[in-house]
Amino acid sequence: MKKVTLVYFSPTGNTQKSLEAMAQRLGGFSEAVDLTRDWSPVRRFGKDDIVILGAPVYGGRIPAVARERLAGLRGEGTSCVVVVTYGNRHYDDALLELADTAKAQGFDVVGAAALVGRHTFGEIQTDRPDERDLAADGEFVVRALSRGENAPDVAVPGNRPYRDGGNGGKFRPLTSDACVRCGLCVKSCPVGAIADDCVTIADTCLSCFRCIRRCPKGAKNMNTEAYRSFAEAFTEKLKVRRENEYYC
Ligand SMILES: Cc1cc2nc3c(=O)[nH]c(=O)nc-3n(C[C@H](O)[C@H](O)[C@H](O)COP(=O)(O)O)c2cc1C
């Protein structure tokens, strides 16, 4: 029985959820390497491993920080399924970039999926991934892993050179008077962009909104007029449901 390892960068949890659904369909996983929390993991995988590798799409690319944190992972012809999740706009070159990265590090990419999840900004596809998505993710991973040894390379959509992107957004979460300085946001920020007084450090922030989603007091927020009007227009623009794409 092969050992399943999940590797993900997932500030708001969509990617993690889809990878866990895939693992569940395979009977579970033995380790989760969470790049959101572990900045420089080192692992070697062999032929008896299966790695499911996931990241969100930031500006049509995988987040640069996620790519950097993958550097210490090496496969040796290890079967790997790559997954990007995106907020219903598009994934552009992110899936190709993740597949290329995995191959360059010794993995055999047997499947690639571009999945829709709730967008970080606005109110877009807020219930996704939903049950239908997660069931399809599970079916896909089984298909991908049952490809024959000599199957042709998986054709992954995207362009090289990749478009510019992957650097995070321009929104900087605010901290309201409701903040009790519990420090949860400080600990959970994937890039250490929140100072001890729970105030966001503008330079380093990715706009991933993990702090907003996790703050137990609702103190982290993006309550500005500029954000609200952007979010409203963006939500309207991306209201038509896109479907997941699976390649193997
Ligand atoms: C800075 C930033 C850039 C994003 N860029 C895109 C994009 O180009 N296309 C898209 O459809 N969604 C985009 N999104 C939405 C995320 O890709 C989506 O919500 C993703 O599922 C989040 O994954 P996570 O929950 O695992 O963190 C972006 C989100 C952020 C924070």
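Quick caveat, the model's predicted, so the values are computed rather than measured. In each ligand, atom 1 is the first atom listed, and ligand 1 is the first ligand listed.
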From Met1 atom CE to Ile50 atom CD1, the distance as rounded to the nearest 0.5 Å: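 Rounded to the nearest 0.5 Å, the CE-CD1 separation comes to 8.0 Å.
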message: Nearest 0.5 Å, please: how far is CG in Leu19 from CG in Asn14?
response: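 Between atom CG of Asn14 and atom CG of Leu19 there are 11.5 Å.
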Let me have the donor-acceptor pairs involving side chains of residues 63-70, under 3.5 Å, with sequence neighbours excluded, atom names and distances please.
unit_1: Arg67; atom_1: NH1; unit_2: Glu97; atom_2: OE2; d: 2.8
unit_1: Arg69; atom_1: NH1; unit_2: Leu35; atom_2: O; d: 2.8
unit_1: Arg69; atom_1: NH1; unit_2: Pro190; atom_2: O; d: 3.1
unit_1: Arg69; atom_1: NH2; unit_2: Pro190; atom_2: O; d: 2.7

Applying a heavy-atom cut-off of 4.0 Å, say which part of [X] lies close to ligand 1: side chain, backbone, both or neither.
{"X": "Phe121", "result": "side chain"}
{"X": "Ser10", "result": "both"}
{"X": "Arg118", "result": "backbone"}

Could you check [atom] against the protein and tell me its nearest heavy-atom contact, residue, atom and distance included?
{"atom": "atom 20 (C) of ligand 1", "answer": "Thr85 OG1, 3.4 Å"}
{"atom": "atom 9 (N) of ligand 1", "answer": "His90 O, 2.9 Å"}
{"atom": "atom 8 (O) of ligand 1", "answer": "Arg89 NH2, 2.8 Å"}
{"atom": "atom 2 (C) of ligand 1", "answer": "Tyr58 CD1, 3.6 Å"}
{"atom": "atom 12 (N) of ligand 1", "answer": "Gly87 N, 2.9 Å"}
{"atom": "atom 29 (C) of ligand 1", "answer": "Thr120 OG1, 3.2 Å"}
{"atom": "atom 1 (C) of ligand 1", "answer": "Gly169 N, 3.3 Å"}
{"atom": "atom 25 (O) of ligand 1", "answer": "Thr12 OG1, 2.5 Å"}

- request: Kindly check if the number of other-residue, nucleotide or ligand heavy atoms within 6.0 Å of CG (Asp127) is above 12?
  value: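 Result for CG/Asp127: enclosed.
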- prompt: Does a sphere of radius 6.0 Å around CD in Gln105 hold more than 12 heavy atoms from other residues, nucleotides or ligands, not counting ones at 6.0 Å or beyond?
  reply: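 Buried by this count: over 12 neighbours within 6.0 Å.
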query: Is there side-chain contact between Glu232 and Phe230, with at least one heavy-atom pair below 4.5 Å?
result: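 No, their side chains stay 4.5 Å or more apart.
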Numbered atoms of ligand 1 (with element) below 4.0 Å of [X], judged on heavy atoms:
{"X": "Gly168", "answer": "1 (C)"}
{"X": "Tyr86", "answer": "10 (C), 11 (O), 12 (N), 17 (O), 18 (C), 21 (O)"}
{"X": "Leu206", "answer": "1 (C)"}
{"X": "Ser207", "answer": "31 (C)"}
{"X": "Asn88", "answer": "11 (O)"}

Looking only at distances, can you tell me whether any N or O atom of [X], backbone or side chain, sits closer than 3.5 Å to an N or O atom of ligand 1?
{"X": "Gly60", "result": "yes"}
{"X": "Gly13", "result": "yes"}
{"X": "Gly59", "result": "yes"}
{"X": "Pro11", "result": "yes"}

Side-chain donor-acceptor contacts of residues 195-204 below 3.5 Å, not counting sequence neighbours, with atom names and distances?
unit_1: Asp197; atom_1: OD1; unit_2: Val199; atom_2: N; d: 3.1
unit_1: Thr200; atom_1: OG1; unit_2: Pro173; atom_2: O; d: 3.1
unit_1: Thr200; atom_1: OG1; unit_2: Lys220; atom_2: NZ; d: 2.9

Carboxylate-amine/guanidinium contact [X] [Y], below 4.0 Å:
{"X": "Lys3", "Y": "Glu31", "value": "no"}
{"X": "Arg74", "Y": "Glu76", "value": "no"}
{"X": "Asp48", "Y": "Lys2", "value": "no"}

- prompt: Judged by modelled atom types alone, do Glu20 and Gln16 share a side-chain donor-acceptor pair under 3.5 Å?
  reply: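 There is such a pair (donor and acceptor under 3.5 Å, judged by atom type) between the side chains of Glu20 and Gln16.
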field: Residue pair Thr85, Thr15: steps toward the side-chain hydrogen bond (donor to acceptor under 3.5 Å, both in side chains) verdict
entry: CA-CA 6 Å; Thr85 70; Thr15 311; 2.9 Å; yes
query: Taking the six-membered ring for Trp, are His119 and Tyr86 ring centroids under 6.0 Å apart?
result: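 Not under 6.0 Å, so no.
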task: From the options Asp92, Val57, Thr15, Leu238, select the one whose nearest heavy atom is closest to atom 4 (C) of ligand 1.
output: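 The residue whose heavy atom sits nearest atom 4 (C) of ligand 1 is Val57.
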